[in-house]
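So the structure is just underneath, and the comments pick up after that.
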Amino acid sequence: MMTSRNRTIQISAAERVALKKRLLKITATKKKLCGVYNGDYLKLIKALPEKSIDLLFLDPPYNLNKNFHGAKFAKQDVHSYTSWLDETLAALKPFLRTTASIYICGDWYSSVSIYTAAAKHFVVRNRICWEREKGRGAKTNWKNSSEDIWFCTMSDSYTFNVDSVKLRRRVIAPYRLTDGTPKDWHETNNGQFRDSHPSNFWSDISVPFWSMAENTDHPTQKSEKLMAKLILASSNPGDLLFDPFAGSGSSLVVAKKLKRDYLGAEINEEYCLLAEKRLLLAEQDKRIQGFAQGVFWERNTQAEQDAASKTKLKK
Ligand SMILES: C[S@@+](CC[C@H](N)C(=O)[O-])C[C@H]1O[C@@H](n2cnc3c(N)ncnc32)[C@H](O)[C@@H]1O
């Protein structure tokens, strides 16, 4: 019989003491910084060398009313949010390498500001539309169930590992060549699949939920699968990822699993401790849900992923 289990990550009183000790302290030494800093990102960057970040992941409070564990962020007019974002990007820019990539998250309303502010500082290359699915239904409007992730770079010289972020999908109409061999797809014991080029429309990722091992109580946690796509595409092992609004540490945890260096700031202590706990768990378990055999899998393919990890592709 199937049983459902809430796997949301919790912190015990004893763990709290130990996790607090792991938080990053800013010292005057020139030692390489790595880990989670509990405080304003503006304080942390003062300790960073200029031109040291390879990948900047920005998941700031969106331009809407939100309560982050007591810290309330209020919706502003578009002009004010654009100015705030502009100042944030200006503060971070000196710390980016000339080859760095930058991703900035937002909903449709924040997006108006993101493009305007980002275009002042960076080369804006794309806008990924993520079909988040979960969202509150509205009686007089369309349900808000998508988010945008803007892709920018510092220059025309940047990393993009397209082969690391292919999406494995079921083949609906399996076309064969005249000799009978599959055209651009694989026959497996579990069905027919194609590894397709990653597009700027992401429909294969859900928000973390109660039965997922990565789930926490952070209200806007990004999934590890989403982070893995960005990190694999836009960095190489050993590169430094910086996340100034780290929340529950999703970007840092995935960077660690994928052997990148990582540094994050988070103003709320509770979220910092969750991030620390997840970083500890990542030492034992490097799996990323939805990413297996070097490819990302479309939704609802867990059975095929499990089977594929036991059997090799026939072709
Ligand atoms: C959208 S959430 C990030 C969620 C994160 N990506 C995750 O997967 O959990 C934004 C976070 O920024 C934090 N924050 C807001 N202002 C900050 C600041 N000036 N410095 C550091 N953290 C800040 C908030 O407490 C909140 O947790």
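Atoms within each ligand, like the ligands themselves, are counted from 1 in listed order. Everything quoted here is computed from the prediction, not taken from an experiment.
- Looking at Y41 against ligand 1, both its backbone and its side chain come within 4.0 Å, counting heavy atoms.
- At a 3.5 angstrom cut-off on N or O pairs, K222 counts as close to ligand 1.
- Minimum heavy-atom separation, S251 to I231: O-CD1, 3.6 Å.
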Next item on the list: Show your reasoning for whether side-chain contact (heavy atoms from CB on, under 4.5 Å) applies to E304 and R170.
Entry: CA-CA 10 Å; E304 286 88 346; R170 284 190 197 84; 3.1 Å; yes
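- Ring centroids of W150 and Y115 are separated by less than 6.0 Å, placing the two rings close together.
- If you number the atoms of ligand 1 from 1 as listed, the ones under 4.0 Å from a heavy atom of T220 come out as 1 (C), 2 (S), 4 (C).
- If you check which protein heavy atom lies closest to atom 11 (C) of ligand 1, you get E266 OE1, 3.5 Å.
- At the top of the distance list for atom 23 (C) of ligand 1, counting protein heavy atoms only, stands F245 CD2, 3.5 Å.
- At under 3.5 Å, a nitrogen or oxygen of I267, whether backbone or side chain, sits near a nitrogen or oxygen of ligand 1.
- Contacts with ligand 1 closer than 4.0 Å are made by backbone heavy atoms (N, CA, C, O) of P244 only, the side chain lying farther away.
- Listed by number with element, the atoms of ligand 1 under 4.0 Å from a non-hydrogen atom of G39 are 20 (N), 21 (C).
- Considering both main-chain and side-chain atoms, S250 comes within under 3.5 Å of ligand 1 through a nitrogen or oxygen pair.
- Note: no N/O pair closer than 3.5 Å links D243 and ligand 1 by distance alone.
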Notebook entry, point to check: Would N236 and N161 satisfy side-chain contact (heavy atoms from CB on, under 4.5 Å), going step by step from the backbone distance to the final call?
Noted result: CA-CA 8 Å; N236 294 307; N161 302 314; 3.2 Å; yes
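- Proximity to S248 (heavy-atom distance under 4.0 Å) selects the following atoms of ligand 1: 7 (C), 8 (O), 9 (O).
- Of all the atoms in ligand 1, the ones that sit under 4.0 Å from a non-hydrogen atom of D40 are 19 (N), 20 (N).
- Cation-pi geometry between K229 and F296 is met: under 6.0 angstrom from the ring centre, within 45 degrees of the axis.
- Atom 6 (N) of ligand 1 has its closest protein heavy atom at D59 OD2, 2.7 Å.
- Residue contact check for ligand 1: P60 places a non-hydrogen atom closer than 4.0 Å to it.
- For ligand 1, the atoms closer than 4.0 angstrom to any heavy atom of F73 are 15 (C), 16 (N).
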Checklist line | side chain to side chain donor-acceptor pair (under 3.5 Å) evaluation trace for R278 with S250 | finding: CA-CA 8 Å; R278 294 178 69 195; S250 311; 3.1 Å; yes
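- Ring centroids of Y103 and F57 are separated by 6.0 Å or more, keeping the two rings apart.
- Listed for the K225 side chain is a donor-acceptor partner under 3.5 Å among the backbone atoms of W297.
- Heavy atoms of A246 found under 4.0 angstrom from ligand 1 belong exclusively to the backbone.
- Relative to the six-membered ring of Y109, K75 meets both conditions, a distance below 6.0 Å and an angle of at most 45° to the axis.
- For the pair H218 and ligand 1, the shortest N or O to N or O distance falls below 3.5 Å.
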Checklist line | Steps toward side-chain contact (heavy atoms from CB on, under 4.5 Å) verdict (L58, L89) | finding: CA-CA 9 Å; L58 277 161; L89 300 181; 3.4 Å; yes
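- Taking each heavy atom of Q76 and Y81 in turn, the nearest pair found is OE1-N, 3.5 Å.
- In terms of polar-atom proximity, defined here as any N/O pair under 3.5 Å, Y271 makes no such contact with ligand 1.
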